[in-house]
Amino acid sequence: MLYRRFPKIPELEISALGYGLMRLPTMAGDPSRIDEAKAETAFLAAVDEGVNYFDSAYVYHDQKSEPFAGAVVERHGLRDKVLLATKCPVWLVKERADWERLLNEQLARLRTDRIDFYLLHSLDAGRWETVRKLGGIEFLEKAKRDGRIGHFGFSFHDSLPVFKQIVDGYDGWEFCQVQYNYIDTAFQAGSEGIAYAAARQIGTIVMEPLRGGALARVPEGVKSIFAEFGKPRMAAEWALRFALERQEVATVLSGMGSERELRENAAVASSARPNSMTRKELDLIERAAAFYRERMPVPCTTCGYCMPCPHGVIIPEVFAMYNAAVAFEVKEDRSAWYKKAYAGQGKGADSCAACAACGECLPKCPQSIRIIEKLAEAHAYLMN
Ligand code: SF4
Ligand code: SF4
């Protein structure tokens with residue numbers, strides 16, 4: 001395993017591969033029922049491979065991920081070998097006392113008196129407002145002073161301008177966690193966001209390097225592009241190497257569901273050094289990305305310039321879901337997410353509940369997308 005460091009935390013070596021504890025093996029596909037025997041085997045294999053960064057969150061696996069990690073670490077006496085990261089569910093913070101209550105609950109679940117890396121989970125413009133209004137930063141600073149938190153940062157899901165606003169909103173961030181893979185170089189924070197953070201000494205943790213697993217199962221067209229490399233290489237390896245290519249990235253998280261996946265990914269992270277890919281490799285990856293983009297029904301770059309929508313529609317997210325559903329052939333998954341988290345809640349494109357066809361977004365789109373029409377198309381596709 002290769003190890004990297006965050007610029008502001010030079011004393012800690014972090015494994016280039018981190019274990020994302022959000023897609024552990026489960027029983028009968030039920031996320032709330034972790035298959036503990038299999039998950040424990042994979043966890044221990046990760047430690048054996050030299051992985052030392054384990055990333056959980058309050059909400060993962062229906063709140064079972066943290067207790068699982070805590071139990072495995074305690075049972076095998078691993079506390080000194082692993083760096084535990086977890087995330088505060090900012091959306092559950094309704095008053096100042098909630099920060100304290102949640103952190104203490106998480107410490108108990110993880111069976112530890114110190115969380116090495118604590119993140120504000122999934123910050124967007126609204127949650128950043130909550131953090132500012134309810135004293136979130138003051139609380140984090142206090143918890144770091146009293147030793148319950150080692151270091152803190154945030155994970156992010158919103159547009160690049162909001163990312164910059166959060167980075168600039170506080171000098172003390174030590175790291176950030178963003179979605180990044182060879183398709184999403186300009187999605188949310190993207191390449192520009194990673195460089196922006198690095199210029200301020202904020203290291204990056206990459207999540208979704210395989211885009212939820214989609215980049216591990218590529219279609220024939222992409223397989224034939226990668227075949228031009230001349231040496232056999234699995235699709236997942238291409239994606240992991242791409243994420244590890246960046247110097248600014250300290251660790252790449254993968255939600256490995258089996259020991260086999262873990263061993264394969266660890267082998268990649270043991271040889272992928274920053275800035276080591278050849279021009280030919282990068283060109284092949286760019287062509288694979290173009291292959292997917294050509295299949296996307298909306299030419300949205302998720303730049304976020306159309307935002308905010310006065311009626312609450314999260315335009316780039318709706319288009320991203322629609323594009324992924326079509327290009328990656330994961331309609332079932334994206335439709336389920338859209339129905340659960342967007343439609344009927346003012347975030348989706350339901351013609352009555354959200355998009356009022358006011359037209360305010362139209363002149364702001366550099367791609368000249370017919371947003372109203374495309375939102376209706378996306379909504380119809382994802383709801384059926
Ligand atoms: S046209 Fe629809 S999506 Fe665009 S700003 Fe108006 S309500 Fe929002
Ligand atoms: S719809 Fe246009 S402005 Fe909005 S995120 Fe997509 S490309 Fe950017």
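In each ligand, atom 1 is the first atom listed, and ligand 1 is the first ligand listed.
Using a 4.0 Å cut-off to heavy atoms of Leu375, the atoms of ligand 1 that qualify are 3 (S). Short contacts between ligand 1 and Ala356, defined as distances under 4.0 Å to a heavy atom of the residue, involve ligand atoms 2 (Fe), 7 (S). Short contacts between ligand 1 and Ile372, defined as distances under 4.0 Å to a heavy atom of the residue, involve ligand atoms 1 (S). Listed by number with element, the atoms of ligand 1 under 4.0 angstrom from any heavy atom of Cys309 are 3 (S), 5 (S), 7 (S), 8 (Fe). Atoms of ligand 1 found under 4.0 Å from any heavy atom of His311, numbered from 1 in the order shown, are 7 (S).
Looking at Arg111 and Glu74, a side-chain N of the basic residue comes within less than 4.0 Å of a carboxylate O on the acidic one, giving a salt bridge. With salt bridges taken as basic N to acidic carboxylate O contacts below 4.0 Å, one links Glu281 and Arg233. Asp62 and Arg33 are not joined by a salt bridge, as no carboxylate oxygen comes within less than 4.0 angstrom of a charged side-chain nitrogen.
Aromatic rings from Tyr381 and Tyr322 are positioned such that their centres are separated by under 6.0 Å. Aromatic ring centres of Phe175 and Phe117: separated by under 6.0 Å. Outside the 6.0 Å centre-distance limit, the rings of Phe152 and Tyr118 are not counted as a close aromatic pair. If you look at His379 and Tyr338, their ring centroids are closer than 6.0 Å.
When distances to atom 2 (Fe) of ligand 2 are checked against a cut-off of 2.8 Å, Cys365 contributes an N, O or S atom below that limit. For atom 4 (Fe) of ligand 1, the set of nearby N, O or S atoms under 2.8 Å includes one belonging to Cys361.
Under 3.5 Å, the side chains of Arg241 and Ser271 contain a donor-acceptor pair of N or O atoms. A side-chain donor from one of Arg148 and Asn104 sits under 3.5 Å from a side-chain acceptor of the other.
Remark: minimum distance from atom 6 (Fe) of ligand 1 to any protein heavy atom is reached at Cys358 SG, 2.3 Å. In terms of protein heavy atoms, atom 2 (Fe) of ligand 1 is closest to Cys355 SG, 2.4 Å.
Proximity of Cys306 to ligand 1, defined as any heavy-atom pair under 4.0 Å, is not found for any part of the residue. With a heavy-atom cut-off of 4.0 Å, Ile371 touches ligand 2 through its side chain alone. When heavy-atom distances to ligand 1 are checked against a 4.0 Å cut-off, Ile315 comes that close only through its side chain, counted from C-beta outward.
Relative to atom 1 (S) of ligand 1, the option among Gly359, Pro308, Pro310 with the closest non-hydrogen atom is Gly359.
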